[in-house]
> 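Here's a structure for you.
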Amino acid sequence: MEFEPVGMVVGGRTEVVDDDWGRETAVIRLDGLRFGPEALYGLEDFSHVEVVYHFDRVPVEKIETGARHPRGNPDWPLVGIFAQRGKNRPNRMGVSRCRVVRVDGLDVHVEGLDAVDGTPVLDLKPYMAEFGPRGELRQPEWATALMGDYYAPGASNTSSHGPKSL
């Protein structure tokens, strides 16, 4: 199975750092050899877009397949790679929801994308409320603590985060 990126992240953060993604602005630039501006028609009518991308900077030898303490914090429980959202995933794929600022030709200007400059983008999908979770949500306390500063202070995501309590 092979994937060909539909575009790249341009601008925004150049270093992979865990927190404060909410203030980041970037452009998702579609591959002009494969797509025309019509591929983005109507996207500007949505407030948010889901972005699927490749963690291309994670070396193969750093991929996790078992359990670990999230962010290496021994105060948090040992949890499997599929019970956390770390970048060292088996297929090195990331998914993010971010705010659509504007669409201009082949460029989607976004805010709050947690991917760095040069990251290959595999797919874009408009976020529709009906695709959000149904029923009551739950997550462990460590996850709420971990995410406390992830989008802060310029948080633009649609969920609220509780206070960070380490």
> Go through it in stages, so that I can follow the logic: the residues are Asp31 and Val6, the test is side chain to side chain contact (heavy atoms under 4.5 Å, CB included), and I'd like the CA-CA distance, side-chain angles, deciding distance and then a yes or no.
CA-CA 6 Å; Asp31 178 350; Val6 299; over 6 Å; no
> Does Glu50 come within less than 4.0 Å of Arg97, counting only side-chain N to carboxylate O?
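Looking at Glu50 and Arg97, the cut-off is met.
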> Hey, does the side chain of Arg34 reach the backbone of Pro5 with a donor-acceptor pair shorter than 3.5 angstrom?
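It does hold such a pair.
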> Please indicate whether Glu61 has more than 12 foreign heavy atoms, meaning atoms of other residues, nucleotides or ligands, lying under 6.0 Å from its CD.
yes
> Quick check on the hydrophobic clustering: are Val58 and Val121 connected, directly or via other members, by side-chain heavy-atom contacts under 4.5 Å?
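Yes; tracing contacts between hydrophobic side chains, which count when under 4.5 Å, links both residues.
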> In Å and rounded to the nearest 0.5 Å, what is the NE2 to CG distance from His109 to Asp104?
5.0 Å
> Taking Arg29's backbone N and O only, do any of them form a donor-acceptor pair with Asp107's side chain (distance below 3.5 Å, no angle check)?
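No; judged by distance alone, with no hydrogens or angles, the pair does not exist.
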> With rounding to the nearest 0.5 angstrom, report the OG to CZ distance, Ser96 to Arg85.
8.0 Å
> When you group the ILVMFWY residues by side-chain heavy-atom contacts below 4.5 Å and let the links chain together, are Val9 and Phe35 in the same group?
yes
> Between Thr144 and Gln139, do the side chains contain a donor N or O and an acceptor N or O under 3.5 Å apart?
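There is such a pair (donor and acceptor under 3.5 Å, judged by atom type) between the side chains of Gln139 and Thr144.
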> Check which hydrophobic residues are tied to Val27 through side-chain heavy-atom contacts below 4.5 Å, counting indirect links as well, and list them.
Val10
> Keeping Tyr53 on the side-chain end and Val116 on the backbone end, is there a donor-acceptor pair under 3.5 Å?
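The answer is no, because no donor-acceptor pair under 3.5 Å joins these two groups.
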> How far apart are the closest heavy atoms of Gly112 and Cys98, and which atoms are they?
C-CB, 3.8 Å
> Return yes if some donor-acceptor pair links the side-chain N/O of Asn88 with the main-chain N/O of Ile63 below 3.5 Å, else return no.
no
> Is the closest side-chain heavy-atom distance between Val108 and Leu43 below 4.5 Å?
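Result yes, sub-4.5 Å side-chain heavy-atom pair found.
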> Could you state the interatomic distance from CZ (Phe55) to CG (Asn91), rounded to the nearest 0.5 Å?
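Those atoms lie 12.0 Å apart.
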> Mind running side chain to side chain contact (heavy atoms under 4.5 Å, CB included) on Lys125 and Phe131 for me, showing each step along the way?
CA-CA 11 Å; Lys125 292 183 177 192; Phe131 279 100; over 6 Å; no
> How many angstroms lie between atom CG of Asp75 and atom NE2 of His69, to the nearest 0.5 angstrom?
9.5 Å
> Could you measure the distance from the CE atom of Met128 to the CZ atom of Phe46? Nearest 0.5 Å is fine.
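Taking CE in Met128 and CZ in Phe46, the distance rounds to 4.0 Å.
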> If every non-hydrogen atom of Pro90 is compared with every non-hydrogen atom of Phe82, which pair is closest and at what distance?
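Shortest heavy-atom contact: CG-CZ, 3.9 Å.
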> Please step through side chain to side chain contact (heavy atoms under 4.5 Å, CB included) for the pair His54 and Thr119, ending with a clear verdict.
CA-CA 7 Å; His54 183 242; Thr119 297; 5.6 Å; no
> Using 30° and 60° as the class boundaries, would you call the ring planes of Trp76 and Trp142 parallel, tilted or perpendicular?
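Aromatic pair Trp76/Trp142 classed tilted.
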> Would you say Leu106 and Ile28 are hydrophobically clustered, going by side-chain heavy atoms of ILVMFWY under 4.5 Å?
yes
> Under the 3.5 angstrom rule, does the side chain of Arg92 hit a backbone N or O of Lys87 as a donor-acceptor pair?
no
> Show the numbers, then the answer: is there a side chain to side chain contact (heavy atoms under 4.5 Å, CB included) between Leu30 and Leu40?
CA-CA 9 Å; Leu30 290 187; Leu40 296 173; 3.6 Å; yes
> Which residue is it: Val52, Val51, Val95? I am looking for the one with a side-chain contact (heavy atoms from CB on, under 4.5 Å) to Leu122.
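Exactly one option meets the side-chain contact (heavy atoms from CB on, under 4.5 Å) with Leu122, and it is Val52.
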> Just by distance, do the side chain of Gln84 and the backbone of Val79 share a donor-acceptor pair under 3.5 Å?
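A pair under 3.5 Å: yes.
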